[in-house]
Amino acid sequence: MSVIQQVTVLGATGSIGLSTLDVIARHPQRYQVFALTGFSRLTELATLCIRHEPRYAVVPDAAAARELLRQLAGADLSTQVLVGEAGLCAVAADPEVDTVMAAIVGAAGLKPTLAAVEAGKKVLLANKEALVMSGALFMQAVRKSNAVLLPIDSEHNAIFQCLPVDYARGLAHGGVRRILLTASGGPFRQTPLAALADVSPEQACAHPNWSMGRKISVDSASMMNKGLELIEACWLFDARPAQIEIVIHPQSVIHSLVDYVDGSVLAQLGNPDMRTPISHALAWPERIDSGVAPLDLFAIGRLDFSPPDEERFPCLRLARQAAEAGGTRPSMLNAANEVAVAAFLERRIRFTEIASIIDDVLSLEAPGQASDLDVVLAADQDARISAGLWLERRGR
Ligand code: NAD
Ligand code: MG
């Protein structure tokens, strides 16, 4: 490869952003950082700017821009600072950018990720919430612009690696019977059911296998993460919810599997380190060193599997129902979950009330068709308001 790829990292200060920059720094002859974006961790963003010398840095507002510039004052950098959603969309769609890592957490990532898609970039999708919210529109935009969409979520990256190359022609055409989506079961897989109401945010964020941001860690503990991933997989691979089976696999060594009609089952294995899917997607269709240690099967010794328990994890049932209903339901599910998870992290609600809030919000009527972005965003707003009312009614 001769030309250096210009990469924008949306959500550079987060867990995925930092892992991406770790991989990029290993391959300076392949990748150059075009833009970095951050939200609240401005000191970390300043450190990253000094290390990677991006053309642009994006922060939420003018006050954050002043603070970042103050922190960069001594460094001899030509980094320009942009602000807000317009700044995020600009660095996602800039004609000089080849690749965009979409690693902002939650609905806040939707517009910049779509901007990258519409500009026909190679889009590395970590921000699953964006696809869950706007699936049909998002995939339409991918087809229209010829963007290359590659999954970063470890399960979806695994499925992508195990599917036939021409899977876009249809799973049945390629002889695929089912997709087996693995899940670790999170920190509460074996916690007594009666104790779940009293678990703390610290316990929820202590994932047994993965080190991640706080929102996705809580989602993993409630298994809403797997519910969002079910919806994500339906859009990415043009699958029906019934074609996807969730398998609890506590070791997180098999990242997912594809079951073919001839009885072959292909799996992708690896250490639970996001630098593997990030490197895979960055270099695709080539392979590069990620810095991840080789898998030691003898040290792992055994791999276990069991079916998920929907009594323990009601969020799974809620997500499957939203996946089957389609339209604006996934956007509402996602928005209600974002409000509920934030309230849990602020200790305003119990862990078990996350599912109660989502259930309550999803009992609302909703516009059926997610016909354009405004409808999707209106459903998101309605769900946030209704989740807010749930909290208010209970004085939280
Ligand atoms: P994180 O909390 O560590 O980082 C989130 C990033 O988003 C930060 O850079 C933050 O500055 C930015 N951000 C937050 N709110 C923002 C806003 N309103 N506007 C602009 N930027 C904002 O999260 P993470 O663990 O890196 O996860 C990022 C995304 O990747 C999520 O969608 C998550 O589901 C997905 N993902 C993460 C992992 C993982 O291992 N961490 C695995 C699979 C998928
Ligand atoms: Mg995942």
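Source: prediction; values computed, not measured. When a ligand or atom number is given, it counts from 1 through the structure's own listing order. The first residue in the sequence is number 1, and the count goes up from there.
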#### Entry: Sub-4.0 Å atoms of ligand 1 with respect to non-hydrogen atoms of Ala108
17 (C), 18 (N), 19 (N)

#### Entry: Ionic contact status for Lys215 with Glu129, cut-off 4.0 Å
yes

### Message
Within ligand 1, which atoms have a heavy atom of Gly38 less than 4.0 Å away?
### Response
11 (O)

### Summary
Of Leu10, Val58, Ile16, the one whose closest heavy atom lies nearest atom 38 (C) of ligand 1 is Ile16

### Query
Identify the closest protein heavy atom to atom 4 (O) of ligand 1: which residue and atom is it, and at what distance?
Gly14 CA, 3.1 Å

### Task
Take atom CD of Gln369 as the centre, draw a 6.0 Å sphere, and report whether it contains more than 12 heavy atoms from other residues, nucleotides or ligands.
no

### Query
Atoms of ligand 1 less than 4.0 Å from Asn127 heavy atoms?
32 (O)

## Note on the structure
Distance col, row Arg350:CZ vs Ser356:OG, nearest 0.5 angstrom, shows 11.0 Å

### Nearest protein heavy atom with distance in Å, relative to atom 14 (C) of ligand 1
Val105 CG1, 3.7 Å

### Query
Does even one non-hydrogen atom of Met274 get within less than 4.0 Å of ligand 1?
yes

### Query
Pick from Met101, His156, Glu232: which one makes a side-chain contact (heavy atoms from CB on, under 4.5 Å) with Leu125?
Glu232

### Task
Looking only at protein heavy atoms, identify the closest one to atom 28 (C) of ligand 1 and say how far it is in Å.
Ala103 O, 3.4 Å

### Query
Is a donor on one side and an acceptor on the other found under 3.5 Å between the side chain of Arg312 and the backbone of Arg189?
yes

### Message
Check this for me: Glu311, atom CD, are more than 12 non-hydrogen atoms of other residues, nucleotides or ligands nearer than 6.0 Å?
### Response
no

### Query
What protein heavy atom sits nearest atom 13 (N) of ligand 1, and how far away is it?
Phe39 CB, 3.7 Å

### Query
For atom 2 (O) of ligand 1, which protein heavy atom lies nearest, and how many Å away is it?
Gly213 CA, 3.8 Å

### Query
Are Lys128 and Glu155 ion-paired here, with the side-chain N under 4.0 Å from a carboxylate O?
no

### Task
Quick one: look at Ser15 and ligand 1, take heavy-atom pairs under 4.0 Å, and tell me if it's side chain, backbone, both or neither.
both

### Query
Which of the atoms in ligand 1, numbered in the order shown and given with their element, are less than 4.0 Å from a heavy-atom of Ala12?
9 (O)

### Query
Looking at atom 29 (C) of ligand 1, what's its closest protein heavy atom, distance included?
Ile104 O, 3.9 Å

### Query
In the protein, which heavy atom is nearest to atom 35 (C) of ligand 1, and how far is it?
Ala126 O, 3.1 Å

### Query
What is the nearest protein non-hydrogen atom to atom 32 (O) of ligand 1, stated with its residue, atom name and distance?
Glu129 OE1, 2.7 Å

## Note on the structure
Of all heavy-atom pairs linking Ile152 and Asn157, the shortest is O-CB, 4.3 Å

### Task
Take every heavy atom of Gly17, measure it against each atom of ligand 1, and state whether any distance is under 4.0 Å.
no

### Message
Would you say that more than 12 heavy atoms from the other residues, nucleotides or ligands in this model lie under 6.0 Å from the CG of Asp309, or not?
### Response
yes

### Residue Asp153 atom name (nearest to the Mg ion (ligand 2); N/O/S)
OD1

### Which N, O or S atom of Glu155 lies nearest to the Mg ion (ligand 2), by name
OE1

### Subset of ligand 1 atoms that lie under 4.0 Å from at least one heavy atom of Thr13
8 (C), 9 (O), 10 (C), 11 (O)

### Query
Can an N or O of Ser211 be found at a distance shorter than 3.5 Å from an N or O of ligand 1?
no

### Summary
Tightest non-hydrogen contact, residues Thr79 and Ala57, listed as CG2-N, 3.7 Å

### Message
Around atom CZ of Arg348, are there more than 12 heavy atoms from other residues, nucleotides or ligands closer than 6.0 Å?
### Response
yes

#### Entry: Pair Glu353-Arg394, salt bridge (Lys or Arg N to Asp or Glu O under 4.0 Å): steps then yes or no
CA-CA 11 Å; Glu353 289 176 323; Arg394 289 163 182 80; 5.5 Å; no

### Query
Is the shortest N/O to N/O distance between Ile216 and ligand 1 below 3.5 Å?
no

### Query
Where does Lys215 meet ligand 1, judged by heavy-atom distances below 4.0 Å: at the side chain, the backbone, both, or neither?
neither

### Query
Got more than 12 heavy atoms from elsewhere within 6.0 Å of CZ, Arg393?
yes

### Query
Got a sec: does the NZ of Lys111 have more than 12 other heavy atoms crowding it under 6.0 Å?
no

### Message
For N/O/S atoms only: which one belongs to Glu229 and is nearest the Mg ion (ligand 2)?
### Response
OE2

